[in-house]
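See structure below.
Values in this document were obtained by computation on a predicted structure and should not be read as measured data.
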Amino acid sequence: MTGSERGFTLLELLISVSLLALLMTMVLAGLNVTTHHLGRQSERLDRSSRILLAQDFLRIQLADARPLTVVAAPGAAIAFDGRADGIDFVSPVPDALTVGGLQVLSLGFAEARPGGELLIGWRPFTGEASAAAAPGHTTVLLDHVQEAAFAYFGPAAPDTPPSWQSSWRNMSYLPSLVRLSLTFSDGRRMPELVVALRLSTGALGQAAPQ
């Protein structure tokens, strides 16, 4: 038998199989790295999209907050309850809802695992204080939230200069601005959301505060 006809020896076959296995391992490792990278990129894009949708929703609803008085409120207080960790206000119903009329929207941070949640709830406005009844419907706007902080810009009293405050409760007028600062569980921060309330009787037309 000539050299060209003898075929492969067992050793040569073992070496070939080992090289092929090593090559397949390298290819699979590369695919895993690529898949993991694409997965992280997709997760970031998904979060960015959800943040933009949540900001647009809040901007529309907060801008249209209504300074309506409530029953048995001290000093003709309006149905606007602004706290450091949440806010209740009256606004026209979002287009996506099937109910009609003015709604009390309740926006706030809630502890959850893994990470907190920014929740939005709503119930029909009946003229009662915003804290008198729980929201009839609640949904998650953003998840994996570590901290959410609200602030309100306006005069604490009619004859005082406007300033940022951590709460806006039992007031007879709306704040000029509402600010939401939010940090996610991984340490990333949402771009700060500042909304001007159209029906505010505060210092309209003034320079935006720092």
Side-chain angles (χ1 to χ4, degrees), residues 54-97 99-110 116-142 145 147-182 190 192-210:
Q55 286 187 323
D56 286 344
F57 173 81
L58 295 177
R59 187 177 289 109
I60 292 172
Q61 297 305 137
L62 280 169
D64 210 12
R66 303 300 173 90
L68 301 177
T69 56
V70 295
V71 176
I78 60 174
F80 187 98
D81 186 27
R83 308 169 303 280
D85 62 348
I87 177 177
D88 296 346
F89 62 98
V90 178
S91 180
V93 63
D95 294 336
L97 300 183
V99 297
L102 295 174
Q103 300 286 311
V104 177
L105 300 183
S106 299
L107 177 67
F109 172 74
E117 297 172 334
L118 186 66
L119 302 176
I120 182 73
W122 60 93
R123 63 177 175 83
F125 175 65
T126 61
E128 297 178 354
S130 58
H137 306 275
T138 304
T139 189
V140 178
L141 274 182
L142 293 170
V145 176
E147 181 182 15
F150 293 83
Y152 312 90
F153 185 83
D159 297 327
T160 60
S163 61
W164 282 110
Q165 302 173 56
S166 60
S167 66
W168 195 275
R169 316 187 75 174
N170 298 321
M171 303 289 280
S172 60
Y173 48 90
L174 293 169
S176 299
L177 304 171
V178 174
R179 182 179 67 200
L180 171 58
S181 304
L182 189 145
M190 182 185 78
E192 202 168 66
L193 176 67
V194 179
V195 181
L197 278 62
R198 287 194 293 266
L199 297 182
S200 169
T201 57
L204 300 178
Q206 63 185 10
Q210 301 297 318

Would you compute the distance between atom [atom1] of [X] and atom [atom2] of [Y] and round it to the nearest 0.5 angstrom?
X	Y	atom1	atom2	result
Glu117	Thr138	CD	OG1	10.5 Å
Leu102	Phe89	CG	CZ	12.0 Å
Phe150	Arg83	CZ	CZ	8.5 Å
Gln55	Leu142	CD	CG	8.5 Å
Leu118	Leu141	CG	CG	5.5 Å
Thr69	Ile78	OG1	CD1	9.0 Å

Find out whether [X] and [Y] are in side-chain contact, i.e. whether some heavy atom of one side chain is under 4.5 Å from a heavy atom of the other.
X	Y	answer
Val104	Trp122	no
Ser176	Leu197	no
Pro162	Phe153	yes

Testing Val195, Leu105, Leu107, Ile87 for side chain to side chain contact (heavy atoms under 4.5 Å, CB included) with Leu58, which one passes?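 Of Val195, Leu105, Leu107, Ile87, side chain to side chain contact (heavy atoms under 4.5 Å, CB included) with Leu58 is met by Leu107 alone.
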
Tyr152 side chain vs Arg169 backbone, donor-acceptor pair below 3.5 Å: no

If you compare all heavy atoms of Glu147 against all heavy atoms of Phe109, which two are closest, and at what distance to 0.1 Å?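 Between these two residues, the closest heavy atoms are N-CE1, 4.3 Å.
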
Provide the closest heavy-atom pair for Ala65 versus Pro67 in the form atom of the first, atom of the second, distance.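 Shortest heavy-atom contact: O-CD, 3.9 Å.
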
Let me see the working for Tyr173 and Trp168 under ring pair (Phe, Tyr, Trp, His ring centres under 6.0 Å), right down to the final yes or no. CA-CA 10 Å; Tyr173 48 90; Trp168 195 275; 5.7 Å; yes

Does the pair Val178 and Val194 meet the rule for a side chain to side chain contact (heavy atoms under 4.5 Å, CB included), with working shown? CA-CA 6 Å; Val178 174; Val194 179; over 6 Å; no

For [X], side chain to side chain contact (heavy atoms under 4.5 Å, CB included) partners two or more places apart:
X	result
Asp64	Arg66, Ser91, Pro92, Arg198
Ala156	Thr160, Gln165
Ile60	none
Ser181	Arg179, Arg189, Glu192

